[in-house]
S.K.: 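This structure is in structure tokens; I'll ask about it shortly.
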Amino acid sequence: MIVTREGVPSLPYSVEEIYGIRNAGKYGTLKQTYNEFYQLYGLEENQKAINPTVVVTEDSNSGYQFFKAICDKNQIACICAGGKSNIFATMVNQDADKQQGTILIIADGAAFGAEMEKIMHFMKTHERIALYLPESFEWLILKSGIIEDGEISEILAAPGNYVDSREYFSWERFFTAVLVRKADHTYLKYTKKILNTAYLTEKLRSKILKTIQQVIFEKETTGQ
């Protein structure tokens, strides 16, 4: 546990593992600051379906390649921020263009904790921003169920029971390792740098996108 008023950008800690200390009588208690991976406009009550006109991804590898292909197919601009520390500046630059509609930010929630305070502060006064924070792109693939494996469901339900911090610096690296291992020697073989085109086939693409609730990339995800 680290107690500090400031973020710690050198550590890849989860959005869901940030707590505030609240006074309650004689003893203080911990209150979770961010308890949802999915934030729209910074307010839980405004979680409604959106059609993004711009997508900004933290990922510059397979995750970006996946969303870039989806966006190109649906005439949506897709921008790679090139790392979590660049998300804020990229978001501000895109928001400055008032001709654009909703900007969707996609980043790895498992390691995005240090960036949350300034981004959430910005979102309070900029309603064109939507933020989606899955654990990682690899987590999305595992969550989609395209790889049928009973152990995957168990890992996703309680990853803390499986991840060893001595081996994995972040949960994002852990989920990547799980996906690589489970998809090895199959047509879904996964590498971080270059996306296997099998993941872009209509059936698999649709399953992966359906794990992103309330974000509409293409008609097939809405049941139309």
Side-chain angles (χ1 to χ4, degrees), residues 12 14-17 34-40 44 47-52 55 57-59 61-74 76 78 104-112 130-164 167-168 170-224:
S14 172
V15 170
E16 287 195 336
E17 298 304 327
Y34 305 110
N35 53 21
E36 292 286 344
F37 267 152
Y38 190 89
Q39 299 280 348
L40 281 182
E44 294 178 16
Q47 290 186 8
K48 57 186 178 182
I50 62 166
N51 292 86
V55 173
T57 72
E58 169 195 350
D59 194 346
N61 299 305
S62 291
Y64 169 69
Q65 294 163 30
F66 176 83
F67 288 110
K68 181 68 164 61
I70 300 301
C71 289
D72 286 350
K73 180 176 180 291
N74 294 278
I76 300 171
C78 187
L104 174 64
I105 309 296
I106 302 177
D108 295 342
F112 203 66
L131 182 62
Y132 179 63
L133 301 175
E135 294 276 10
S136 68
F137 177 62
E138 292 76 21
W139 178 88
L140 277 179
I141 294 176
L142 293 169
K143 185 73 173 178
S144 70
I146 62 178
I147 300 177
E148 298 181 2
D149 186 300
E151 186 184 30
I152 290 178
S153 298
E154 296 176 2
I155 291 173
L156 294 179
N161 295 336
Y162 295 85
V163 64
D164 187 340
E167 184 176 0
Y168 302 105
S170 69
W171 281 27
E172 184 271 336
R173 293 186 184 182
F174 168 69
F175 288 121
T176 299
V178 172
L179 178 57
V180 168
R181 175 167 55 89
K182 294 295 185 180
D184 197 23
H185 303 302
T186 75
Y187 78 104
L188 293 174
K189 184 177 178 65
Y190 183 83
T191 63
K192 187 74 173 176
K193 292 292 184 181
I194 301 177
L195 181 67
N196 181 342
T197 56
Y199 291 100
L200 293 175
T201 60
E202 182 176 353
K203 180 179 180 180
L204 300 188
R205 182 182 73 237
S206 179
K207 284 189 174 182
I208 294 172
L209 290 180
K210 284 179 179 177
T211 65
I212 309 177
Q213 297 179 4
Q214 296 170 299
V215 180
I216 302 172
F217 286 101
E218 50 190 1
K219 291 183 178 180
E220 65 190 36
T221 65
T222 67
Q224 296 180 4

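Model, not experiment: these values are computed from the prediction.
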S.K.: Assess the pair F66 and Y199: is the distance between their ring centroids shorter than 6.0 Å?
M.R.: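 So the answer is no for these two rings.
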
S.K.: Heavy atoms only: give me the nearest L142-F175 pair and the separation to one decimal.
M.R.: CD1-O, 3.8 Å

S.K.: Of all the heavy-atom pairs spanning L104 and P52, show the shortest one and how long it is.
M.R.: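 Between these two residues, the closest heavy atoms are CB-CB, 3.8 Å.
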
S.K.: Got a sec, which residues hit side chain to side chain donor-acceptor pair (under 3.5 Å) with K207, two or more places apart in sequence or on another chain?
M.R.: none

S.K.: Could you state the interatomic distance from CG (N61) to NZ (K193), rounded to the nearest 0.5 Å?
M.R.: 4.5 Å

S.K.: For the CD1 atom of I152 and the NZ atom of K143, what is their distance to the nearest 0.5 Å?
M.R.: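 One gets 12.0 Å once the value is rounded to the nearest 0.5 Å.
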
S.K.: Between I146 and L188, what is the shortest heavy-atom contact and its length?
M.R.: O-CD1, 4.0 Å

S.K.: Rounded to the nearest 0.5 Å, what separation is found between the CG atom of D184 and the OG1 atom of T191?
M.R.: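 Going from CG on D184 over to OG1 on T191, the span is 11.0 Å.
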
S.K.: Drop me the distance from R181's CZ to T176's OG1, to the nearest 0.5 angstrom.
M.R.: 12.5 Å

S.K.: Counting distance only, does the side-chain N/O of N74 pair as donor-acceptor with the main-chain N or O of I76 below 3.5 Å?
M.R.: no

S.K.: Looking only at heavy atoms, which two atoms of T211 and I208 are closest? And how far apart?
M.R.: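 The pair with the smallest heavy-atom distance is OG1-O, 2.6 Å.
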
S.K.: For residues 153-161, which side-chain N or O atoms pair as donor and acceptor with protein atoms under 3.5 Å away, sequence neighbours left out?
M.R.:
| residue | atom | partner | partner atom | Å |
| --- | --- | --- | --- | --- |
| E154 | OE1 | Y162 | OH | 3.4 |

S.K.: List for me each residue that meets side chain to side chain donor-acceptor pair (under 3.5 Å) alongside K192, sequence neighbours excluded, and say none if there are none.
M.R.: E138, E172

S.K.: Look at the side chain of T201 and the backbone N and O of A198, then say whether any donor-acceptor pair between them is shorter than 3.5 Å.
M.R.: yes

S.K.: Against Q65, only a single residue in L195, D59, N196 fulfils side-chain contact (heavy atoms from CB on, under 4.5 Å); can you say which?
M.R.: L195

S.K.: State the CG-OG distance between L179 and S136, to the nearest 0.5 angstrom.
M.R.: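 So the gap between those two atoms works out to 8.5 Å.
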
S.K.: Quick one: CZ on F67 to CG on L140, what's the gap to the nearest 0.5 Å?
M.R.: 5.5 Å

